Amino acid sequence: MEVEALREKIRAAGVIGAGGAGFPTHMKLAPNINTVLVNASECEPLLYTDYTILKEHIGLVVSGAEEVAKALGAGQVLLCMKKHTASRLHISDGQGFGDFTQVKQLPDVYPMGDEVIMIYQALGRVVPPGQLPAKVGVVVINAETAYNIAHAVQDIPVTEKWVTIAGDIPAPKVVTVPVNSNVRDVLQAAGVAVPLSHVVLDGGPAMGNIIDPGTAKITKKTKSLLILPDDIPAVTFKTVRTERVLVRTPSACCQCFSCTEMCPRHLLGYPLQPHKTLRYMGMTEEAGLGDFSTASLCSGCGVCTLMACCQGIAPSISMTEMKKKVGKARLGYRSETPTVPSPERENRMIPIERFMSRIGVLRFNRVPVWAGALPVAQRSYDLLLSQHVGKPSVPLVQAGDLVTAGQMVAKADDGISASLHTPVSGRVTAVTEKAITVEKG
C-alpha cells in the first residue's frame with residue numbers, strides 16, 4: 001500500500017499511540033525511515049497489556065508493523081520485548097515473524113519502554129536531544145498501535161481498548177472494553193472493589209496518575225488500572241503538594257548528584273542535570289530560565305525520585321514544574337548532534353525487580369489472565385473529543401442523530417488531531433466542546 005493511502009486509512013480509523021503518549025499515528029509516517037520498532041516492552045511494572053496482545057494476536061501486530069514498513073520503504077521491523085516477556089511467550093532473540101520482522105530482546109530494566117532508550121538498546125543509535133526518532137531513521141509504534149493499524153487496513157476503527165487490571169486485587173486480568181467506558185463500570189464488571197486506603201492509577205506505578213474511579217474514563221491512551229495501597233512509595237510521592245516540594249527543595253537538596261548520575265537519559269549523554277535544576281527552584285524570577293531548557297528532555301520516568309534521592313524531595317516534581325516553565329517560554333532544548341552514552345550506563349541500569357521492590361509493588365507482580373471482552377453495563381457514553389495529542393476531534397453529529405457502533409462521530413481536525421468513533425449503537429443526546437454523548441440503544 002502506498003504511504004498516502006495507508007496514512008489515510010490510519011487517520012480514518014482514529015489510530016493513536018496506544019502506549020500512553022496518544023500521538024496521532026498517521027502523523028508518524030515520515031520520509032527516510034529505514035527501521036520500524038514495535039515497542040512491546042511494557043515500560044512499567046505490573047503491566048501485561050502488550051504481553052497479552054502478543055500472546056493472543058502476534059500475527060496482527062506483525063502485520064500492522066509490516067504495513068507501515070512496506071509503505072515507508074523501511075528494510076526492517078524489530079519486535080522489541082523484554083527478556084521476561086520473550087521467555088513467557090517462548091520466543092527467542094532474533095526469531096523471525098511475518099515477511100521480515102525479527103524479535104529483539106531487551107534487558108529487564110526500567111525504564112526500557114522509553115523510546116529514546118529503546119532505540120539505543122535495540123539499534124545503537126542515539127536520537128539527538130529534542131529530536132524525533134525519525135532523525136535517526138526510526139519510527140516507533142506500540143504493540144497495540146500496530147494491532148490497530150492491522151485493523152485500520154481492513155477499515156476497522158478503534159472502538160475498544162486493551163487494559164490491564166491489576167495491583168492489590170485477588171485476580172489480575174487483561175480485558176478489552178469499549179473506548180470511553182466509565183472506570184467505575186469497568187471495575188464493577190471485572191468484579192474488582194477498591195479497598196479502603198487504596199488508590200486507582202491510570203497507568204503504571206511510576207508514571208501513572210491517581211484518578212477518581214467515580215468520574216474517570218478509559219481513553220484510547222489507557223494501558224492499565226492499578227489498585228494500590230496509598231502508603232507505598234509508588235503512591236505517596238504522587239500525593240504530596242507540589243507547592244510544598246518546591247519550597248522545601250532548594251534548602252533540603254544536598255547536591256549529592258545522585259539524581260543526575262542515575263537519570264536514564266543522562267546516561268545516554270543527554271545534557272540533563274536534575275541536581276542543578278533543583279537549585280534553581282528556589283528562585284522566583286525567570287532570569288536564567290534558558291539555562292534550564294534541558295528540562296524539556298526529561299521523560300518523567302521518576303527514577304530520580306523513586307531510586308536516587310536520599311532526601312525525599314521528589315526531584316521529578318521539580319523537573320515537571322521546570323518543564324512547564326520552559327514549555328510556556330518556548331525554550332525547549334534541541335540539538336542536531338547525537339550524544340555519547342556514558343561508559344557507566346550498563347552498570348547503572350535498574351533491574352526491574354529491584355525497582356519494583358523499592359517502590360513497593362513487587363508483591364503485586366502476577367501475570368494476569370486474559371479475560372476477553374468485558375461486558376460493561378453502561379448505558380451512556382461520553383466520547384471525549386480530546387484524548388490524543390493535538391487539536392480536539394471535530395464533531396460530525398448533533399443531538400438526536402442515530403449512530404451505529406464503529407461510525408465516525410468526529411473527524412480529525414487540520415494538523416495534529418485524530419478521528420473518533422462510537423463504540424456502541426444508539427442516539428446522540430448531547431454534543432459539547434468536550435464530548436459527544438451517546439445513549440446506548
Side-chain angles (χ1 to χ4, degrees), residues 41 43-45 82 106-121 124-130 204-207 233-234 236-238 240 245-246 248-283 288 291-323 326 332-335 337-360 362:
S41 66
C43 183
E44 293 231 44
K82 290 177 181 172
L106 306 174
D108 293 327
V109 300
Y110 179 80
M112 189 48 66
D114 177 345
E115 67 177 14
V116 170
I117 294 172
M118 187 181 67
I119 289 170
Y120 177 72
Q121 195 70 38
R125 305 176 194 175
V126 178
V127 178
M207 292 185 276
T236 55
F237 96 92
K238 300 177 190 296
V240 299
V245 171
L246 299 183
R248 178 173 176 262
T249 291
S251 59
C253 177
C254 64
Q255 290 292 291
C256 67
F257 309 151
S258 289
C259 55
T260 294
E261 290 177 341
M262 290 190 68
C263 172
R265 288 197 170 186
H266 178 79
L267 290 170
L268 275 183
Y270 274 35
L272 267 169
Q273 295 182 300
H275 71 282
K276 290 186 177 180
T277 303
L278 300 186
R279 286 204 304 255
Y280 180 86
M281 297 315 293
M283 302 170 63
D291 293 338
F292 299 91
S293 62
T294 56
S296 65
L297 303 175
C298 173
S299 69
C301 69
V303 165
C304 54
T305 292
L306 295 167
M307 293 294 294
C309 185
C310 61
Q311 297 292 82
I313 55 176
S316 57
I317 292 178
S318 295
M319 292 300 292
T320 297
E321 290 303 305
M322 182 59 75
K323 283 174 69 174
V326 166
Y333 185 92
R334 177 171 293 191
S335 172
T337 307
T339 55
V340 178
S342 166
E344 293 296 323
R345 177 178 177 272
E346 187 170 346
N347 296 327
R348 293 182 186 169
M349 291 196 294
I350 304 169
I352 193 68
E353 285 207 359
R354 183 185 302 171
F355 184 67
M356 287 191 287
S357 178
R358 180 69 71 89
I359 68 176
L362 181 60

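Bear in mind that the values here come from a model prediction, so they are computed numbers and not experimental data.
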Inset, instruction - Hey, could you give me the CD/CD distance between E261 and E344, rounded to the nearest 0.5 Å? - result: 9.5 Å
Inset, instruction - Could I get the full list of side-chain hydrogen bond (donor to acceptor under 3.5 Å, both in side chains) partners for S299, not counting sequence neighbours? - result: none
Legend entry - Interatomic spacing from CE in M112 to CG in D114 - rounded to 0.5 Å: 9.0 Å
Inset, instruction - Hey, could you give me the CZ/CG distance between R334 and L297, rounded to the nearest 0.5 Å? - result: 10.5 Å
Inset, instruction - Check whether any side-chain heavy atom of L267 lies under 4.5 Å from a side-chain heavy atom of P341, and answer yes or no. - result: no
Legend entry - Distance in Å, L278 CG paired with Q273 CD, rounded so as to fall on 0.5 Å steps: 11.5 Å
Legend entry - More than 12 heavy atoms of other groups within 6.0 Å of E321 CD: yes
Inset, instruction - Verify the neighbour count for atom CD of E346: are there more than 12 heavy atoms of other residues, nucleotides or ligands below 6.0 Å? - result: no
Inset, instruction - Give the minimum heavy-atom separation between E44 and M207, together with the two atoms involved. - result: OE2-N, 2.7 Å
Inset, instruction - Supply the atom-to-atom distance Q255 CD to C253 SG, rounded to the nearest 0.5 angstrom. - result: 4.0 Å
Legend entry - Minimum side-chain heavy-atom gap T260-P274 below 4.5 Å: yes
Legend entry - Smallest separation among heavy atoms of V245 and S318, with atom names: CG1-OG, 4.4 Å
Inset, instruction - Please report the closest heavy-atom contact between P107 and K82, naming both atoms and the distance. - result: O-CG, 3.8 Å
Inset, instruction - Give a yes or no answer on whether the side chain of Y110 reaches the backbone of C301 with a donor-acceptor pair at less than 3.5 Å. - result: yes
Inset, instruction - Indicate whether any N or O donor in one side chain lies under 3.5 Å from an N or O acceptor in the other, for R248 and Q311. - result: no
Legend entry - Pairwise side-chain contact, R358 with P233, heavy-atom cut-off 4.5 Å (strictly under): no
Legend entry - Qualifying ring-ring contact (aromatic ring centres under 6.0 Å, His included) pairs, either residue in residues 251-277, two or more places apart: F257-H275
Inset, instruction - Any chance you could measure M319, atom CE, to C298, atom SG, to the nearest 0.5 Å? - result: 4.5 Å
Inset, instruction - Find out whether P111 and C43 are in side-chain contact, i.e. whether some heavy atom of one side chain is under 4.5 Å from a heavy atom of the other. - result: yes
Inset, instruction - Please report the shortest heavy-atom distance between A206 and F355, naming the atom on each side. - result: CB-CZ, 3.9 Å
Legend entry - Side-chain donor or acceptor of T305 paired with backbone N/O of G302 under 3.5 Å: no
Inset, instruction - Examine distances only and state if a side-chain atom of T294 and a backbone atom of P271 form a donor-acceptor pair shorter than 3.5 Å. - result: yes
Inset, instruction - State, with a plain yes or no, whether a side-chain heavy atom of S258 is found less than 4.5 Å away from one of C310. - result: no
Inset, instruction - Could you check K323 against T277 for side chain to side chain contact (heavy atoms under 4.5 Å, CB included), going step by step and ending with a plain yes or no? - result: CA-CA 10 Å; K323 283 174 69 174; T277 303; over 6 Å; no
Legend entry - Check: P338 and R125 side chains under 4.5 Å, non-hydrogen atoms: no
Legend entry - Side chain proximity check, M307 to R354, heavy atoms < 4.5 angstrom: yes
Inset, instruction - Evaluate the criterion side chain to side chain contact (heavy atoms under 4.5 Å, CB included) for residue pair C263 and V303; output intermediate values, then yes/no. - result: CA-CA 7 Å; C263 172; V303 165; over 6 Å; no
Inset, instruction - Determine yes or no for a side-chain-to-main-chain donor-acceptor pair under 3.5 angstrom, with S316 supplying the side chain and C304 the backbone. - result: no
Inset, instruction - Quick one: closest heavy-atom pair of L268 and V126, and the distance? - result: O-CG1, 4.3 Å
Inset, instruction - Verify, without hydrogens or angle tests, whether S357 (side chain) and L362 (backbone) share a donor-acceptor contact under 3.5 angstrom. - result: no
Inset, instruction - Could you pull out the closest heavy-atom pair between L106 and S41, with the gap in Å? - result: CD1-CB, 4.1 Å
